[in-house]
J.: 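Take a look at the following structure, please.
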2 protein chains.
Amino acid sequence: MNAAEAGPIIQLVAVIIAVTANQPRVLTVGEATSGAPLALPSGPLDPAGDRTLERALRSWVRRQSGLQLGYVEQLYTFGDAARRDADGRRILSVAYLALVHEQQLAPAAGWQDCYGFFPWEDWRAGRPPMLESATAALRARTGAAGANLLAPELAERLEIAFGLGEAGWDPERSLERYELLYEAGAVAEATLDRGLMPDAGPAATLGGPGMAQDHRRILATALSRLRGKIKYRPVVFELLPERFTLSQLQQVVEALAGVRLHKQNFRRLVEQGGLVTSTGDYDYGTGGRPAKLFRFRRRVLRERAAPGLRVTPATGGA
Amino acid sequence: MNAAEAGPIIQLVAVIIAVTANQPRVLTVGEATSGAPLALPSGPLDPAGDRTLERALRSWVRRQSGLQLGYVEQLYTFGDAARRDADGRRILSVAYLALVHEQQLAPAAGWQDCYGFFPWEDWRAGRPPMLESATAALRARTGAAGANLLAPELAERLEIAFGLGEAGWDPERSLERYELLYEAGAVAEATLDRGLMPDAGPAATLGGPGMAQDHRRILATALSRLRGKIKYRPVVFELLPERFTLSQLQQVVEALAGVRLHKQNFRRLVEQGGLVTSTGDYDYGTGGRPAKLFRFRRRVLRERAAPGLRVTPATGGA
DNA sequence: CCTGCTTATACTAGGAATGAGCATAAGCGG
DNA sequence: CCGCTTATGCTCATTCCTAGTATAAGCAGG
């Protein structure tokens with residue numbers, strides 16, 4: 001057999017996340033000014049040289065962008081048949097999620113606001129208005145499915161993903177939401193990928209121009225994973241400087257979860273949970289009473305099985 | 001460039017789990033009687049035919065074993081340079097986790113007891129005795145690292161993975177435990193893979209003959225994932241028949257988590273949590289008072305964000 | 001039919017964790 | 001000193017969990 005024809009191309013994709021100025025950011029390549037869509041950084045696997053996939057990723061990220069990645073975890077492997085390169089060869093992408101500290105942020109690089117790609121995911125200022133049009137488009141499709149047997153199942157997925165039932169909005173389900181919108185043709189790339197979706201309807205440009213190929217789906221996968229993970233593993237600290245105030249910590253968590261939290265309860269959770277220790281120092285630049293500076297307390301890993309930060313939205317809404 | 005030389009081979013691997021007679025089982029291929037090590041079922045990705053990786057997996061599993069898979073999720077992609085086929089070509093394996101109902105169990109197929117591969121993971125009858133030798137081997141290695149800078153970090157990983165600190169035993173960390181044992185040369189395949197581990201020591205056959213290649217690592221990954229997932233998604237029901245008693249449900253959870261649970265509290269959790277509804281029927285074959293038969297209540301997905309089964313070990317220990 | 005065994009189910013006291021809010025402290029600019 | 005800001009401390013009612021005790025309802029054997 002001919003391996004040249006048989007084997008898909010293997011690609012590594014990096015979703016590199018940082019939080020700056022209360023916004024989750026993702027590193028992209030391609031200029032935003034030109035018409036070319038933004039893309040996630042990706043690179044090859046050198047089958048001869050790289051001992052592990054993760055090492056391969058680290059090495060070309062460092063070469064390409066100068067970033068020395070710290071926390072890295074494998075995210076998902078994307079292999080749908082529609083993924084092809086210019087020559088029509090199938091591409092298999094192994095995606096990784098990386099978290100970098102704020103100061104590591106290379107100044108010139110293309111950091112993009114994550115919620116620019118998913119405006120409906122940020123509830124920090126209350127329920128995002130465009131959710132109405134999004135769910136309306138989806139409901140229309142459910143209705144359109146009509147006599148189709150898929151309708152009730154679709155309706156259930158919709159209800160669960162967008163928190164229309166008693167469960168309410170679950171930040172973790174961002175991937176499911178993206179997938180529903182994609183299937184409904186309500187995001188830009190959906191209509192490009194398939195011609196078979198005539199009911200694209202009015203909301204075809206939800207969330208801006210999207211990204212190259214299926215990179216927006218990869219980013220949605222990363223957001224889901226990250227939002228889930230902060231609940232039971234202390235990954236937030238990978239995004240913060242060595243020393244931080246509790247407000248900073250809370251703001252990073254809120255930025256990731258896209259939800260506001262109750263300040264006093266958050267503080268209690270973090271302090272009583274043993275996740276941080278006070279350095280004796282203060283931050284005087286808060287604009288009010290100076291804030292104690294803390295650092296992550298590694299020992300908590302030995303003390304508690306699942307040390308994370310529960311994200312229970314504050315009642316106030318806004 | 002020559003794609004035939006450059007591209008690794010892509011393989012799909014299936015970890016197919018069922019629970020029968022209170023034991024988690026995994027489907028394997030290769031005869032246990034001969035000396036050939038057992039392997040997880042694996043198959044190719046047909047780049048021309050299969051639209052998605054998951055479909056590809058489902059189709060060759062059905063052809064090979066006659067099993068029609070229900071619940072399937074992607075597990076992890078394994079791509080270390082050491083993974084090679086007979087011709088020395090690098091293999092990239094995309095592993096999937098599948099759960100099947102007990103009655104789907106093909107009779108003749110090679111179902112193996114999972115804890116045969118990881119005897120230290122089953123705490124249902126109390127702390128497994130061989131843990132002593134395992135941790136002893138690991139401690140020896142930590143000690144041996146001596147002046148090495150790695151020592152404290154290794155000691156911390158050991159403490160966390162095996163629950164030596166206040167946190168106690170965390171069923172979810174089965175992969176970390178396997179990896180530590182592998183690194184220490186305390187499982188059979190470790191010494192085979194590298195010659196560079198002289199201090200294999202006395203415990204070199206922990207957990208029996210192992211599996212082909214790195215399949216035991218893949219199985220450990222699956223166990224970790226599954227143990228984690230039952231806590232926040234109702235996946236257990238994929239392993240049970242349509243109707244079941246609460247004791248059956250509890251036994252399946254216990255089998256997966258490898259831990260005993262408090263009966264009354266488990267019942268309350270499940271019933272008050274709205275995870276099940278009573279069918280009006282009873283199972284009279286329990287040997288005692290007849291047990292109500294329940295079924296999974298799908299609606300809970302709409303009502304609760306993370307409907308799962310917390311696994312808090314019962315105090316009794318044994 | 002009563003006894004003793006089994007497993008299933010009901011209920012409860014005490015404690016810990018959680019959700020929501022009030023109150024106070026300590027900077028700053030005027 | 002006033003009024004604004006942000007940070008921090010504390011309370012209180014409620015829910016949830018832990019670890020039990022107690023009761024129900026089968027079966028086998030005498």
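Within every chain, numbering begins at 1; the chains are lettered A, B, ... in the order of the sequence lines, protein sequences first and strands thereafter.
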J.: Picking from B:Arg177, B:Arg225, B:Lys231, B:Lys229, what satisfies salt bridge (Lys or Arg N to Asp or Glu O under 4.0 Å) with B:Glu172?
T.: B:Lys231

J.: Between A:Thr312 and C:dT18, is there a side-chain N or O to OP1/OP2 distance below 4.0 Å?
T.: no

J.: What integer distance in Å separates A:Tyr284:OH from D:dT5:P?
T.: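 Rounded to the whole Å, the gap is 22 Å.
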
J.: When the distance from NZ of B:Lys263 to C1' of D:dT21 is rounded to whole Å, what number comes out?
T.: 15 Å

J.: Output one line per pair: protein atom, nucleotide atom from nucleotides 23-26 of chain C, and distance, for all N/O pairs under 3.5 Å.
T.:
residue: C:dA25; atom: O4'; partner: A:Arg289; partner atom: NH1; Å: 3.2
residue: C:dA25; atom: N3; partner: A:Arg289; partner atom: NH1; Å: 3.3

J.: Kindly indicate whether the side chain of A:Arg268 and the base of D:dG9 share any N or O donor-acceptor pair separated by less than 3.5 Å?
T.: no

J.: Closer than 3.5 angstrom, by distance alone: can the side chain of A:Arg260 be matched with the main-chain N or O of A:Arg124 as a donor-acceptor pair?
T.: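 The answer is yes, because a donor-acceptor pair under 3.5 Å joins these two groups.
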
J.: Using a 3.5 Å distance criterion without hydrogens, assess whether the side chain of A:Arg295 forms a donor-acceptor pair with backbone atoms of A:Arg243.
T.: no

J.: If you compare all heavy atoms of A:Asn22 against all heavy atoms of A:Ala255, which two are closest, and at what distance to 0.1 Å?
T.: O-CB, 3.6 Å

J.: Give the rounded distance in Å between these two atoms: OH of A:Tyr282 and P of C:dG27.
T.: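 So the OH-P distance, A:Tyr282 to C:dG27, works out to 9 Å.
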
J.: Counting side-chain heavy atoms from C-beta on, which of D:dG9, D:dA19, D:dG26 comes nearest to B:Thr315?
T.: D:dA19

J.: Would you kindly give the CG-to-C1' distance between B:Asn265 and C:dA13, to the nearest whole Å?
T.: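 Atom-to-atom, B:Asn265 to C:dA13, this comes out as 13 Å.
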
J.: Quick one: sort the A:Tyr284 and A:Tyr282 rings into parallel, tilted or perpendicular, breaks at 30° and 60°.
T.: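 Ring orientation of A:Tyr284 relative to A:Tyr282: tilted.
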
J.: Between B:Arg310 and B:Gly287, which is nearer to the 5' end of DNA chain D once each is assigned its nearest nucleotide?
T.: B:Arg310

J.: Mind calculating the distance between CG (A:Asp283) and C1' (D:dT8) to the nearest angstrom?
T.: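 Roughly 15 Å, once rounded to whole Å.
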
J.: Could you verify whether a donor N or O on one side chain and an acceptor N or O on the other, from A:Tyr178 and A:Glu176, lie under 3.5 Å apart?
T.: no

J.: Could you tell me the separation between the CZ atom of A:Phe266 and the C1' atom of C:dG21, rounded to a whole number of Å?
T.: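 Spelled out: CZ on A:Phe266 to C1' on C:dG21 is 19 Å.
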
J.: Give A:Ser247 one of three labels, base, sugar-phosphate or nothing, depending on what nucleic acid heavy atoms sit under 4.0 Å from its own.
T.: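 A:Ser247: backbone/sugar contact only, no base atoms under 4.0 Å.
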
J.: Please output the side-chain donor-acceptor pairs of residues 302-312 of chain A that fall under 3.5 Å, not counting sequence neighbours, one pair per line with the distance.
T.:
residue: A:Arg302; atom: NH1; partner: B:Glu159; partner atom: OE1; Å: 3.4
residue: A:Glu303; atom: OE1; partner: A:Arg297; partner atom: NH1; Å: 3.3
residue: A:Glu303; atom: OE1; partner: A:Arg297; partner atom: NH2; Å: 3.2
residue: A:Glu303; atom: OE2; partner: A:Arg297; partner atom: NH2; Å: 2.8
residue: A:Arg304; atom: NH1; partner: A:Gly273; partner atom: O; Å: 2.9

J.: Closest to the A:Lys292 side chain: D:dG9, D:dC17, C:dA8?
T.: D:dG9

J.: Side-chain N or O of A:Arg267 less than 4.0 angstrom from OP1 or OP2 on D:dG9?
T.: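 The answer is yes; a side-chain N or O of A:Arg267 sits under 4.0 Å from OP1 or OP2.
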
J.: Find the distance B:Gln272:CD to C:dA10:C1' and express it as a whole number of Å.
T.: 12 Å

J.: Any idea which of C:dA20, C:dT18, D:dT8 is nearest the A:Leu269 side chain?
T.: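 Within the option list, the nearest is C:dT18.
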
J.: Taking atom C1' of D:dT21 as reference, at what distance in whole Å does atom NE2 of B:His262 sit?
T.: 10 Å

